[in-house]
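Sequence lines set the chain letters: A, B, ... in the order given, protein chains first and strands last, and positions in each chain run from 1.
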Number of protein chains: 2
Amino acid sequence: MLQKSLPMPTPISFSVHDHRACMIQAIDQAKQLCAKRKLRLTAIRQQVLQLIWQSHKPIGAYDLLALINQQGGKAAPPTIYRALDFLLEHGLIHRLASVNAFIGCICPEHGHQGSFLICRQCHRAQEVTHPTLTSKLQKLAQAQGFAVESTILEVSGLCQACQREQA
Amino acid sequence: MLQKSLPMPTPISFSVHDHRACMIQAIDQAKQLCAKRKLRLTAIRQQVLQLIWQSHKPIGAYDLLALINQQGGKAAPPTIYRALDFLLEHGLIHRLASVNAFIGCICPEHGHQGSFLICRQCHRAQEVTHPTLTSKLQKLAQAQGFAVESTILEVSGLCQACQREQA
DNA sequence: GATGGGACGTTATAATGTTACAAAAAAGTC
DNA sequence: GACTTTTTTGTAACATTATAACGTCCCATC
């Protein structure tokens, strides 16, 4: 069992790593967070979260639906979207607007905005933080009198492994 | 007729301004750009561009479709999407992933990435540039060995006018 | 005026997301 | 424990956004 407040997880989506540990940690974190906030991590919600964490590739709502029904469930779209809404609302996952898909949040306890590097080849995504960038953006908006509420930052490109493959 | 290579348009979406001038300039710019690149700004393409420029609010594909058919056309979705694809491809419009909608580009001649402030109340959007922010992002990505190809930056919040209204 | 490539029309369909209402399960109250 | 209340889930239908496939037309060029 890991410490509760790590400074910030190391970015590993694009690296070779023991992914089982990622999943276990994510589910464990979710359970702790729900316990702390008196939220109900129901069977479906946990199942959806687990499926999302099966890889570092964002997954679409209907792909999740198909997986759940393959596993013996018989869910309809609203079931999935409700689970996703719950997970989004409590910061356990992020939605990537540029690819209409969902990905696990690596640090649900932080109130931060997720920003992502998304490889167009292997489709893996890596959450990144950017303290100075965020403050710069804030200033830029303020200069226009604009009050920032939320920010979407999604970078598309090639991860290191896929660059090597390309060459 | 305006100069071809302005340094960068002033951000005015959230200000009171003569919007007819915006439209005229946009269409004029588009015509020039197409002439220069030997592209065909066909009737439908121009009509779609014009409709997009009717305001500074991003507009959805099916709203465009409805408008065109109101104006006597009888288009089907593919017609609209093809026009949108053309306009996107040549930098005349941007697609805002966070709201599934399209908005005119204020400086199609620049090769830059569009980034946007989007007011959640009046729905107007303002394209912004951020030279230092872009370079910071580039560095951040490089630190992870990630090769950036394109970036989506969409900030949601309240514009100045809507903040005043709120209070 | 042939002809070849790009643009458009048309029909159907895929993919993504939501509404509305009923049933079931869990939590709170006495 | 029996009751009420709230939350969650099931279910069917529907709404929105986007694409595929194929045929026709236009028109720029030779």
Take A:L87 and A:F102, measure what side-chain contact (heavy atoms from CB on, under 4.5 Å) needs, and give me the verdict at the end. CA-CA 10 Å; A:L87 297 170; A:F102 302 85; over 6 Å; no

side-chain contact (heavy atoms from CB on, under 4.5 Å) evaluation trace for A:L137 with B:L153: CA-CA 10 Å; A:L137 181 61; B:L153 178 51; 4.1 Å; yes

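Taking only side-chain nitrogens and oxygens, B:T79 never comes nearer than 4.0 Å to OP1 or OP2 of C:dC8. For C:dT10, one of the phosphate oxygens OP1 or OP2 lies less than 4.0 angstrom from a side-chain nitrogen or oxygen of B:K74.
Atom CG in B:L65 sits about 11 Å away from atom P in D:dT17, given to the nearest Å. A straight line from CG of B:D63 to P of D:dA15 spans 16 Å, rounded to a whole angstrom. The nearest whole Å value for the distance from the CD1 atom in B:I68 to the C1' atom in C:dC8 is 12 Å. In this structure, A:K38 atom NZ and D:dT7 atom C1' are separated by 16 Å, rounded to whole Å. Following rounding to the nearest Å, B:I80 (CD1) and C:dG9 (C1') show an atom-to-atom distance of 12 Å. In this structure, A:L39 atom CG and D:dT6 atom P are separated by 19 Å, rounded to whole Å. Taking atom CD of A:Q46 as the reference point, atom P of D:dT8 lies 16 Å away to the nearest angstrom. Between A:N69 atom CG and D:dT9 atom C1' there is a gap of 14 Å when expressed in whole angstrom units.
When each of A:K36, A:R37, A:Q29 is paired with A:L33, the side-chain contact (heavy atoms from CB on, under 4.5 Å) condition holds for A:R37 and for no other.
Of all heavy-atom pairs between B:H123 and B:R120, the closest is NE2-O, 3.7 Å. Scanning all heavy atoms of the two residues, the minimum distance from B:A75 to B:I68 falls at CB-CG2, 4.2 Å. When every heavy atom of B:C105 is checked against every heavy atom of B:H94, the shortest pair comes out as SG-NE2, 3.3 Å.
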Heavy-atom contacts, protein to nucleotides 17-27 of chain C, under 4.0 Å, summarised as B (base), S (sugar-phosphate only) or - (none) per nt, yield BBB------S-

